[in-house]
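Reading through the structure tokens given below for one structure.
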There are 2 protein chains.
Amino acid sequence: MAKIIDVANRAGVSAATVSRALNNVGTVDPALAERVRAAAAELGYRPNGVARNLRRQRTDVWALIISDIENPFFTAVARGVEDIARERGFSVLLCNADEDKHKEDRYLQVAEQEQVAGVIISPNMRGSDISRMVQASIPVVTIDRTVRTPVDSVMVHSRAGAREATEHLFASGWRRPACITGPEYADTAEQRLQGYLDAVKDARRRPATSLIRHTNFQVEAAHAATLSLLGERRPPDAFFVANATMALGALQALTDRGLKPGRDVGLVAFDDAPWARLVDPPLTVVAQPAYDIGATAARLLTERIQRSAPQRPRHVTLSTELIVRQSSLRPG
Amino acid sequence: MAKIIDVANRAGVSAATVSRALNNVGTVDPALAERVRAAAAELGYRPNGVARNLRRQRTDVWALIISDIENPFFTAVARGVEDIARERGFSVLLCNADEDKHKEDRYLQVAEQEQVAGVIISPNMRGSDISRMVQASIPVVTIDRTVRTPVDSVMVHSRAGAREATEHLFASGWRRPACITGPEYADTAEQRLQGYLDAVKDARRRPATSLIRHTNFQVEAAHAATLSLLGERRPPDAFFVANATMALGALQALTDRGLKPGRDVGLVAFDDAPWARLVDPPLTVVAQPAYDIGATAARLLTERIQRSAPQRPRHVTLSTELIVRQSSLRPG
DNA sequence: CTGAAAGCGCTAACAT
DNA sequence: ATGTTAGCGCTTTCAG
């Protein structure tokens, strides 16, 4: 591999001039710059990014740490982040924490060690180790969930969205909606549960703990939770499920039991997904502006990186949209 | 941020000893090692990975460059890669090339500059710039698709799988199956088309170009292709679609036209997906061992990284499995 | 078993 | 406008 000094020798200049010419920094005689570029091309020179990063004490790389790569919400977020990052000259490295605290910690550590320019993360809640990043003065933006450490965040009105979804279930004529939400330590899960409870109380029903299940946000757990709810002495007649991944599990469980949403039971899920309108029946959802969430987080991060002066954390909260298809409807 | 010399001072030793103690390398007096660890902990010391990488001239990070993050095939592959990587002490950074050559090139460049230990990639075919990696002596394993540059690869028997799928369509009583495949420059797409053609010829039909569509492997393109096929003078009565993402588009188009698979038309897709059994009707698929593909690629890469001696490229080809659900069946 | 010293490849101050 | 020099933080010879 050709190094900068090889290019310098070939072009008959110093290494510093090569660096300046290739990075368009400072002032270089146009003719010289051209000679340098030619020499670099002939040698197939590629700057060693590791050396550059060490010297510059910074990187043009972001880490995007998401909770679950199979959740379409996060893949859409990733698109939003990437588009803006590219526009601003950053590369983004995607890390899949898989709702697992150890993996998340590992990626956070890699991000710190590799001195990334910034981190966007949907934190697992059990005390995500964000404070280390702040100590290392690496800007962090959280999405979807918040943490104790005060950093920028982009959220949606989960509680309001969940409430609207559950109200819609009541309005459609269902009487005993259940709620399948995420882990107790995830505030997104908690807010969606609260929204559900808001609607239950508004409908002047008594919230029953037997109609609530906490899971790890994954397919299998939702499948089990649905079966468990169906096995209750007084089973629910409708379901509010707190994300798209779990909707798959719930749908499967209902199918297993021969129960058809939109006919035998009601079903609404948080998050839209590419397949949501194609399942049987088409799924009613609370859609999040996932792409915008990613794009917004990316913008906040860029600003944070550019300003050297510390500044109060900024919080952006976006709205959800109820999309009524068929799974929530009640015949007759 | 504490540096190694700070730890050294606090522990009353040299930087070299700190390095040795923390990396468990060479021989360090146990008592000293303990003192070093204590000092490091007190200072919250984290080694600067960039500096370490520069000195060591290597990294413990892989780049996994996939074609489309929304395709469940690739997310499953990613799981397989990550599990093995973690087991062997590597971290994997996921890059979404989005079926876009520019993005792919960019990530390849970042991977080279950041001196990753290895690359696993599902290459976009229009001359992926793999040769640069080889020049930089960074090991590469391709998955799903191959390139000209001779490197290790993990593939599936695409042609056989496609043939089996199409034969199944004929066996179910359909007479004019169409094929929606990927770009002409992608050999996976080409092989799936060939498998389709094999079956057509076996059935003693004449392959009609009017029944074949090339797309970019994405939802929208498949949607359009399906509508276009339906608009032919002699439209097909069945569809073989070359990946899961496109199945979504085809399904949508058929639904738009009021055509129900498993009743009005036949439909088989390459790739299984979490939602495949939940759509209406459940989708018949040619399942790829996606997780195993990832895991196998990861194993090949590890071996390649460990052996210093060059060695002929290795190619592993795994088998597919036809899973008959309902979308391919013909009533009566 | 430990320390001193060199140096990975690059960029940024400082000279000229 | 260009070259010289120093040094980013770490690991790894090489001495002792």
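The sequence lines fix the lettering, A, B, ..., with proteins before strands; numbering per chain opens at 1. Note that these values count all heavy atoms, side chains included, but never hydrogens, waters or copies made by symmetry.
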Sugar-phosphate only, base, or nothing, as touched by A/N53 at under 4.0 Å among non-hydrogen atoms: nothing
Touch class at under 4.0 angstrom, heavy-atom based, for A/V28 against every strand present: sugar-phosphate
Modelled atom types, side-chain donor and acceptor of B/T149 and B/S131, under 3.5 Å: no
Value in whole Å for how far the C1' atom of D/dT11 lies from CG of B/D60: 14 Å
Whole-Å distance separating the CZ atom of B/R52 from the P atom of D/dT11: 5 Å
Angle by which the axis turns from one end of the helix from C/dC1-D/dG16 to C/dT16-D/dA1 to the other, five pairs per end, to 10 degrees: 40°
5' to 3' contact window, DNA chain C with chain A (heavy-atom distance under 4.0 Å): C/dG9 to C/dA13
Close N or O pairs between protein and nucleotides 12-16 of chain D (under 3.5 Å):
from   : atom 1 : to    : atom 2 : distance (Å)
D/dT12 : O4'    : B/R55 : NH2    : 3.2

Pair listing, salt bridge (Lys or Arg N to Asp or Glu O under 4.0 Å) test, anchored in residues 13-38 of chain B, at least two apart: B/E34-B/R37
Value in whole Å for how far the P atom of D/dC10 lies from CZ of B/R46: 13 Å
Inter- and intrachain pairs under side-chain hydrogen bond (donor to acceptor under 3.5 Å, both in side chains), touching residues 5-18 of chain A, at least two apart: A/R10-A/E42, A/S14-A/T17
Residues that B/L94 engages under side-chain contact (heavy atoms from CB on, under 4.5 Å), provided they are two or more places apart: A/I69, A/L94, B/L64, B/I66, B/A78
Residues forming a side-chain contact (heavy atoms from CB on, under 4.5 Å) with A/A189, sequence neighbours excluded: A/T181, A/P183, A/A186, A/F217
side-chain contact (heavy atoms from CB on, under 4.5 Å) partners of A/N53, counting only residues at least two apart: A/T59, B/V50, B/E114
Ring pair (Phe, Tyr, Trp, His ring centres under 6.0 Å): pairs with one or both residues in residues 11-38 of chain A, sequence neighbours excluded: none
Going by atom type alone, with no hydrogens or angles, which donor-acceptor pairs under 3.5 Å involve a side-chain atom of residues 288-299 of chain B and a protein atom two or more places apart or on another chain?
from   : atom 1 : to     : atom 2 : distance (Å)
B/Q288 : NE2    : B/D271 : OD1    : 2.5
B/Y291 : OH     : B/D83  : OD2    : 2.5
B/T296 : OG1    : B/D292 : O      : 2.6

Interatomic distance, A/Q57 CD vs D/dG7 P [rounded to whole Å]: 14 Å
Backbone N/O of B/S67 and side chain of B/S122: donor-acceptor pair under 3.5 Å: yes
B/Q218: side-chain contact (heavy atoms from CB on, under 4.5 Å) partners, not counting sequence neighbours: B/D68, B/E99, B/N216, B/T245
Rounded distance (Å) that lies between atom P of D/dG9 and atom CG of B/N9: 14 Å
Set of ring pair (Phe, Tyr, Trp, His ring centres under 6.0 Å) partners for B/F90, sequence neighbours left out: B/W62
Distance in angstrom units between B/K3 NZ and D/dG7 C1', rounded: 10 Å
Separation of D/dC8 C1' from B/D6 CG (nearest whole Å): 14 Å
